[in-house]
Structures are given as C-alpha cells and as structure tokens.
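Input: a single structure, listed below in structure tokens.
These numbers were taken from a predicted model, which means no experiment stands behind them.
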2 protein chains.
Amino acid sequence: MPTVSTEDYLKQIRKLQEGAARVSTSALAASLGIADASVTAMLKKLAGQGLVSYQPYQGVTLTEKGEAFALRTLRRHRLWELFLVRHLGFSWDRIHEEAERLEHATSEALEAALDRALGFPRLDPHGDPIPSHDGRIEECTGAALTALPTGALARVRRVADGDPELLRHAGRLGVVPEASLEVRERFGFDGSLRVRVGGRDRFLSAEVARHVFVDLLEARDG
Amino acid sequence: MPTVSTEDYLKQIRKLQEGAARVSTSALAASLGIADASVTAMLKKLAGQGLVSYQPYQGVTLTEKGEAFALRTLRRHRLWELFLVRHLGFSWDRIHEEAERLEHATSEALEAALDRALGFPRLDPHGDPIPSHDGRIEECTGAALTALPTGALARVRRVADGDPELLRHAGRLGVVPEASLEVRERFGFDGSLRVRVGGRDRFLSAEVARHVFVDLLEARDG
DNA sequence: GCATCGTTTTAGCCTTGGCTAAAAATATCT
DNA sequence: AGATATTTTTAGCCAAGGCTAAAACGATGC
Ligand SMILES: [Mn+2]
Ligand SMILES: [Mn+2]
Ligand SMILES: [Mn+2]
Ligand SMILES: [Mn+2]
C-alpha cells in the first residue's frame with residue numbers, strides 16, 4: 001500500500017513527465033514545495049520499491065507500476081472533484097484541495113461507488129479526463145483560446161485548474177466546459193479578447209485565455 | 001491541526017471513558033491494537049498539547065479541548081457512515097472502515113456539505129447519535145432487547161456497531177433502527193428469542209439480542 | 001510488613017518523511 | 001580548456017509514531 005506521500009510524488013512526477021521525458025529533482029521539489037535534498041532521499045525509496053526509475057543526476061521516470069499508481073490516484077482525485085460538485089454543491093474552484101486529501105482515503109470499493117453514482121463519467125469539472133479503472137487516460141485535446149481567430153465559434157473543452165482565482169473568475173463569466181463561445185474581437189497589443197458566451201459579451205485577459213482550451217466549431221470572418 | 005493518530009486516540013479515549021472516569025494505558029493500548037509503551041509515549045505528547053490530562057500510573061481523561069476534538073471526529077465519522085449508506089449504496093456493515101479513514105480527510109466545509117446533503121441528521125445508520133457541530137451529543141437511550149418480556153412491542157433504536165458480521169446478520173433479518181418488533185417467545189436456557197419483525201418470525205440468539213437496543217412501545221402478555 | 005505479581009514506564013531502537021548546510025557533480029561561459 | 005555557476009547529492013539533524021526488553025511502580029496476598 002503506498003503512503004500519502006508516495007501517492008502525491010507519483011502523481012506529480014506523472015504530471016511533470018508530460019512534455020519532458022525525465023523529471024529533474026529540482027522541478028519535482030519545487031512543484032511539491034519540498035526541499036531538493038528531501039526529494040533525492042524519497043526518489044531512492046521509490047526506486048527501491050520499483051515505482052520509478054532513478055539514476056543520480058539524471059532525473060526520474062515512472063515505471064509501469066509507478067504510472068499505474070499515479071493514474072489510480074488521479075482517477076480518485078478527479079472522481080472526487082466531480083462528486084463534490086455534482087452531489088455536494090461545491091464550486092469548481094474549491095474542490096482541488098478537498099480531493100487532494102480524499103484521494104488518499106479511497107478504497108477500491110469507494111472508488112467504484114463514486115464512479116457508479118456519477119454514471120461512469122469521462123471528464124472532471126475542469127474538463128480533464130478521468131483515467132479508467134484499468135489505467136487508460138484520454139489525451140487532452142483542444143487548442144488554447146488565444147490561438148483562435150476573430151469570428152471563430154468554439155466549444156470550451158477544458159479550463160486549466162492551477163489557480164482557484166482564475167477558475168472562480170472564469171466560472172462567473174460562464175467560461176466552463178461545454179459552453180459555446182464566439183471570438184468577437186482580439187486585442188493584439190495585450191492578447192486579450194472579447195467573446196460572446198452565455199448570451200453576453202465578456203472580456204478575457206490573455207492570462208485567462210491562455211488557460212482555456214477549446215474545440216473549434218467553425219472559423220468565419222467577423 | 002491534529003494528526004490522524006491524535007484523532008483516533010482522542011476518539012478512542014472518549015469511547016472508553018463512557019462508564020469509567022479514567023482510562024488506563026493498557027485498556028487504550030489494547031483497544032487501539034498498539035503496544036502499551038507506545039501509548040504511554042503518545043499520552044505524554046497529547047498531555048503536552050493540552051488534549052488530555054495524564055498522570056503517570058493514573059490513566060487519562062480528556063480535557064475540554066480534547067473532548068471537542070474527539071466529538072468533531074466522531075461527528076465526521078458518523079456523517080460519512082450515513083452518507084455512504086444513503087448516497088453511495090453501501091451496506092451498514094461495510095461503512096465503518098471507510099469512515100475510519102474519511103473522518104480524517106474532512107474539512108469544515110466538507111463536514112457542513114455532508115450535513116446539509118443529509119438534511120442535518122441526528123442518527124447514523126447504526127442508530128448512534130451524531131454530535132452537533134457545536135459539540136453536543138445525545139445520550140444513547142434504549143434497553144437491550146434481552147431485557148424485554150414476552151409479548152412486548154418495541155421499536156429498534158440502535159444496533160451495536162462492533163462486529164460487521166453481526167450487523168450483516170441483523171440487517172438480513174430486518175432488525176435495523178426504526179423497525180418495529182414484537183417478542184413472541186423467550187428461551188430462558190440460552191437467552192435467545194423469537195420475534196416478529198418485518199412480517200416474519202425470526203430467531204435471535206442472545207448474542208444478537210444483547211447488541212440490539214429498543215424503545216419499549218407496549219408491554220402486554222403473549 | 002514484606003514478597004510477589006501485574007501494570008506501567010523507561011530505555012533504546014526503528015522507519016517515514018521532512019529540514020539545512022556543505023560537498024560533489026554537471027553545465028555554461030569565456 | 002578552465003573557471004564559474006547551477007544542480008544534485010551527501011551528511012547530519014529532527015519529530016512523529018511505532019516496536020521490544022528491562023526496570024520501576026503499585027496492588028495483593030500471606
Ligand atoms: Mn493528495
Ligand atoms: Mn480537476
Ligand atoms: Mn480513524
Ligand atoms: Mn456507526
């Protein structure tokens with residue numbers, strides 16, 4: 001049985017591994033808020049358990065076993081996030097820290113019960129894919145909203161879940177997964193946008209637009 | 001913030017304190033499944049935090065602060081138990097170990113959300129009282145089923161939650177809180193009973209009857 | 001009143017997962 | 001290449017929460 005720390009390390013390594021093949025000690029330490037030296041020590045333990053492949057000075061990668069545990073924790077995390085929103089009335093900017101704890105207190109049976117109660121969902125409230133029970137996970141598709149031309153029609157697919165304040169802001173504007181929007185105007189000098197969403201015109205800063213990912217429905221001139 | 005161990009110790013001390021004023025090191029150790037020496041060490045730490053009053057060789061009692069934490073954990077435990085039954089389809093004999101972990105992963109906000117989703121319940125699935133948010137808890141009333149005379153009509157108030165097998169058995173017989181029953185026959189030699197419950201006659205061993213607590217509705221001759 | 005017995009504490013050890021400061025390895029720049 | 005800067009590891013420390021074995025305490029019995 002992995003510990004809470006083990007689960008959080010593996011989950012974080014997996015996240016950092018997207019894009020870069022090897023994860024550096026310092027990157028992992030910074031993202032976990034833990035001292036570099038402590039991470040070095042932990043990586044040796046994880047390697048000893050066959051959860052990561054670690055060579056001194058060369059960073060880490062997850063083994064198959066490590067990735068399976070990482071995905072199991074991520075699945076529980078995202079099931080809880082959706083459950084908190086749908087069944088307990090939480091707003092999507094308050095669920096991350098709750099799920100961060102609940103994911104470690106979730107048995108196989110509870111995971112299955114959550115999944116069933118939610119109708120075997122494929123996406124969490126932020127639009128991120130929920131890994132399947134047997135460890136498959138869909139790719140995150142969708143282009144950043146910043147990439148859309150004026151006049152484009154698109155559907156929001158996902159909003160990056162890193163910053164609760166950004167989530168609360170986007171949520172108030174109606175920029176949530178499944179929402180349709182149209183790019184009305186682009187301000188090149190600062191990268192901000194005016195979009196039509198939920199029957200209203202909204203201004204989105206570049207900072208917000210960078211964190212919103214969409215599927216293009218139609219590109220037309222404005 | 002108390003740790004998981006702290007919460008479990010305080011909860012257990014409170015439980016053992018019912019009936020006996022002071023709780024002995026060995027009783028606590030035995031009930032937690034931890035070595036006596038480890039408990040001695042932990043009690044010193046808890047005393048240092050003002051959570052228990054501890055004098056060497058004299059056992060412990062909870063302080064006001066300690067009792068407040070104990071009741072908070074117990075509240076979360078019982079809210080989760082009820083939630084698992086009502087909203088996640090668990091049976092009442094499988095909820096204890098789940099709640100034993102979830103109780104420690106529950107924020108103030110989550111506690112409140114559970115309470116609301118359940119309609120501010122007063123009893124858990126076993127009929128045990130749920131402490132209020134401000135730390136009040138009702139007494140466990142009700143007489144043991146073994147004490148009822150033949151012909152008595154009663155309503156089940158509570159079933160002792162110590163043994164999952166007993167719970168599963170009682171559940172299958174329909175002996176659950178709120179169920180009405182009538183004592184049809186008493187077998188003095190072994191203390192077992194025949195009762196009418198849920199439209200059927202059921203035999204209850206003394207072992208089961210000892211763990212079922214009822215409110216007497218009417219005592220009449222059979 | 002003193003020896004014995006069970007309970008409790010002390011002593012010494014362990015693992016987990018943190019920390020800081022210093023040393024070593026790697027990367028970068030001239 | 002050599003000097004310097006950055007990254008990573010090592011060394012040594014700590015607190016929490018366990019363990020066993022031995023010593024001390026307190027209750028009991030004679
Ligand atoms: Mn976590
Ligand atoms: Mn999410
Ligand atoms: Mn617990
Ligand atoms: Mn209960």
Side-chain angles (χ1 to χ4, degrees), chain A residues 1-14 16-17 19-62 65-66 69-70 73 100-101 103-105, chain B residues 1-14 16-17 19-62 65-66 69-70 73 100-101 103-105:
Chain A
M1 316 282 135
T3 64
V4 171
S5 287
T6 295
E7 292 183 336
D8 282 338
Y9 270 80
L10 295 176
K11 193 155 58 83
Q12 195 62 35
I13 292 167
R14 187 192 159 279
L16 296 176
Q17 219 170 250
R22 308 190 141 273
V23 175
S24 74
T25 303
S26 56
L28 183 54
S31 68
L32 288 170
I34 285 173
D36 290 11
S38 305
V39 169
T40 297
M42 188 64 165
L43 290 180
K44 288 185 194 171
K45 285 175 200 163
L46 296 178
Q49 296 171 261
L51 296 167
V52 303
S53 153
Y54 166 69
Q55 255 127 358
Y57 297 100
Q58 305 300 314
V60 275
T61 48
L62 293 176
K65 187 177 163 194
F69 277 118
T73 307
E100 201 56 54
R101 278 175 284 106
E103 63 189 0
H104 311 292
Chain B
M1 315 277 138
T3 64
V4 171
S5 288
T6 296
E7 291 184 337
D8 282 338
Y9 269 81
L10 295 176
K11 194 153 59 81
Q12 195 60 34
I13 293 167
R14 186 191 159 279
L16 296 176
Q17 218 170 250
R22 307 187 143 277
V23 175
S24 75
T25 303
S26 55
L28 183 54
S31 68
L32 287 171
I34 285 171
D36 290 11
S38 305
V39 169
T40 298
M42 188 63 165
L43 290 180
K44 287 185 194 171
K45 284 174 200 163
L46 295 178
Q49 297 171 261
L51 295 168
V52 303
S53 154
Y54 165 69
Q55 255 127 0
Y57 298 100
Q58 305 300 314
V60 274
T61 48
L62 293 176
K65 188 177 163 193
F69 276 117
T73 307
E100 201 56 54
R101 279 175 285 106
E103 64 189 1
H104 310 292

Inset, instruction - Indicate, with a heavy-atom threshold strictly under 4.0 Å, whether A/S5 touches base, sugar-phosphate, or nothing. - result: sugar-phosphate

Out of curiosity, [X] [atom1] to [Y] [atom2], how far, rounded to the nearest 0.5 Å?
X: B/Q58; Y: B/T25; atom1: CD; atom2: OG1; result: 10.0 Å
X: B/L46; Y: B/L62; atom1: CG; atom2: CG; result: 9.0 Å
X: A/T40; Y: A/L28; atom1: OG1; atom2: CG; result: 9.5 Å

Is the phosphate of [N], meaning OP1 or OP2, less than 4.0 Å from a side-chain N or O of [X]?
X: A/K45; N: C/dT15; value: no
X: B/S38; N: D/dC19; value: yes
X: A/Y9; N: C/dG18; value: yes
X: B/K44; N: C/dT9; value: no

May I have the distance from [X] (atom [atom1]) to [N] (atom [atom2]), rounded to whole angstrom?
X: A/D8; N: C/dT16; atom1: CG; atom2: C1'; result: 15 Å
X: A/I34; N: C/dT16; atom1: CD1; atom2: C1'; result: 12 Å
X: A/L32; N: C/dG18; atom1: CG; atom2: P; result: 8 Å
X: B/L28; N: C/dT8; atom1: CG; atom2: P; result: 11 Å
X: B/E7; N: D/dG17; atom1: CD; atom2: P; result: 11 Å
X: A/M42; N: D/dT9; atom1: CE; atom2: C1'; result: 17 Å
X: B/R22; N: D/dG26; atom1: CZ; atom2: P; result: 14 Å
X: A/L51; N: C/dG17; atom1: CG; atom2: P; result: 11 Å

Kindly indicate whether the side chain of [X], heavy atoms from C-beta on, has any atom under 4.5 Å from the side chain of [Y].
X: A/T3; Y: A/Y9; value: no
X: B/L10; Y: B/T73; value: no
X: A/H104; Y: A/D8; value: yes

Legend entry - Base-contact (B) and sugar-phosphate-only (S) positions in nucleotides 2-8 of chain D, heavy-atom cut-off under 4.0 Å, - elsewhere: ------B

Inset, instruction - Look at the side chain of A/K65 and the backbone N and O of A/Q49, then say whether any donor-acceptor pair between them is shorter than 3.5 Å. - result: yes

